[in-house]
Amino acid sequence: MSDMNQKVALITGASTGIGRATAEAFAARGAAVVIAARRKEELERLAGEIKSRGGKASVVVTDVAVGKDVERTVAHAIETFGRLDYAVNNAAIEGKLAAITDLPEEEWDRVMDTNLKSVFLCLQQEARAMLAGSRHGAIVNIGSVNSFLGFPTGSAYVTSKHGLIGLTTCASAELAPRGIRVNLLCPGFVDTPMHHRGRALIGDALYDKLLSERVHLRRAGRPEEIAQTIVFLCSDAASYITGATLTPDGGFTLTV
Ligand SMILES: NC(=O)c1ccc[n+]([C@@H]2O[C@H](COP(=O)([O-])OP(=O)(O)OC[C@H]3O[C@@H](n4cnc5c(N)ncnc54)[C@H](O)[C@@H]3O)[C@@H](O)[C@H]2O)c1
């Protein structure tokens, strides 16, 4: 399908996992993709793969927690491809897990800057670019089931992901009347490098128990499955969806 032929999509955190799969999914629909993250080598490898399949891709090395970097990233999209139609604010870190009594202030700040402030910075630049251009667009912020659920030692990550509900709601209210839809996607277990780090942290026994007892589909999601949902939210098929929270979690949050 090449229905996104004339469109341009920016994906942050595109070097691995969900971001990488999302870039590939947009490219498969014909969109030019601007892939942003911190690791140049991984991004260039992905851009090469997309181009070898006839797609259009451009790389930006960026730290989404830094305002000037985000400004440069969105400017790069406009300079390279002339417009911005879709943006996926996906980059995040899980941070160090620690009890509130032990969590260093710098670690709280690092997680909040990377996961929450970054999305504000991205939304601001992306919306400005969309409003200055076609006056249409769709933005997907990536939350988590931890946008609703907490767990001991997860205060920084969980709070940053909860914050995205408020940020997405306000952005949708402000931008929908101006032609830009903003939604929040909250995945459950997805088979990515972050997920494997999480598994190592909580231990195989608890991980397998959660998967076999709580996830109705009894398996982790694949990055490609999440990517398809993100592309759907950006597409015209989702033209009446804004300010929504979609939870591709295999049923994880539905039952105790
Ligand atoms: N994998 C899961 O099970 C899961 C579950 C719920 C939510 N999520 C969310 O999905 C999104 C993608 O996660 P993933 O599992 O693909 O993780 P991942 O660790 O595989 O990928 C995260 C990406 O973000 C990039 N990144 C991190 N900090 C950055 C920064 N400061 N500037 C630029 N890029 C930065 C990393 O380099 C990487 O490319 C995240 O928002 C995560 O919180 C993942």
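Order of listing sets the numbers, starting from 1, for every ligand and every atom in it. Numbers here are sequence positions counted from 1. Predicted model only: the values in this text are computed from it and were never measured.
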For residues 187-194, dump all side-chain donor-acceptor pairs below 3.5 Å to protein atoms at least two apart in sequence or in another chain.
from: Asp191; atom 1: OD1; to: His196; atom 2: NE2; distance (Å): 2.5
from: Thr192; atom 1: OG1; to: Met194; atom 2: N; distance (Å): 3.3
from: Thr192; atom 1: OG1; to: His195; atom 2: N; distance (Å): 3.2

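Screening Val74, Val60, Leu84 for a side-chain contact (heavy atoms from CB on, under 4.5 Å) involving Val34 leaves a single residue, Val60.
Between the Thr242 side chain and the Val182 main chain, a donor and an acceptor come within less than 3.5 Å of each other. One N or O on the side chain of Arg214 and one on the backbone of Thr255 form a donor-acceptor pair closer than 3.5 Å.
With hydrophobic clusters built from ILVMFWY side chains whose heavy atoms lie under 4.5 angstrom apart, Met4 does not share a cluster with Val8.
The 4.0 Å heavy-atom shell around ligand 1 contains residues Gly13, Ser15, Thr16, Gly17, Ile18, Ala37, Arg38, Arg39, Thr62, Asp63, Val64, Asn90, Ala91, Ala92, Ile93, Thr114, Ile142, Gly143, Ser144, Tyr157, Lys161, Pro187, Gly188, Phe189, Val190, Thr192, Pro193, Met194, His195, Arg197, ordered by chain and number.
Summarising the geometry, atom CG belonging to Leu149 is positioned 13.5 Å from atom NZ belonging to Lys161; distances are rounded to the nearest 0.5 Å.
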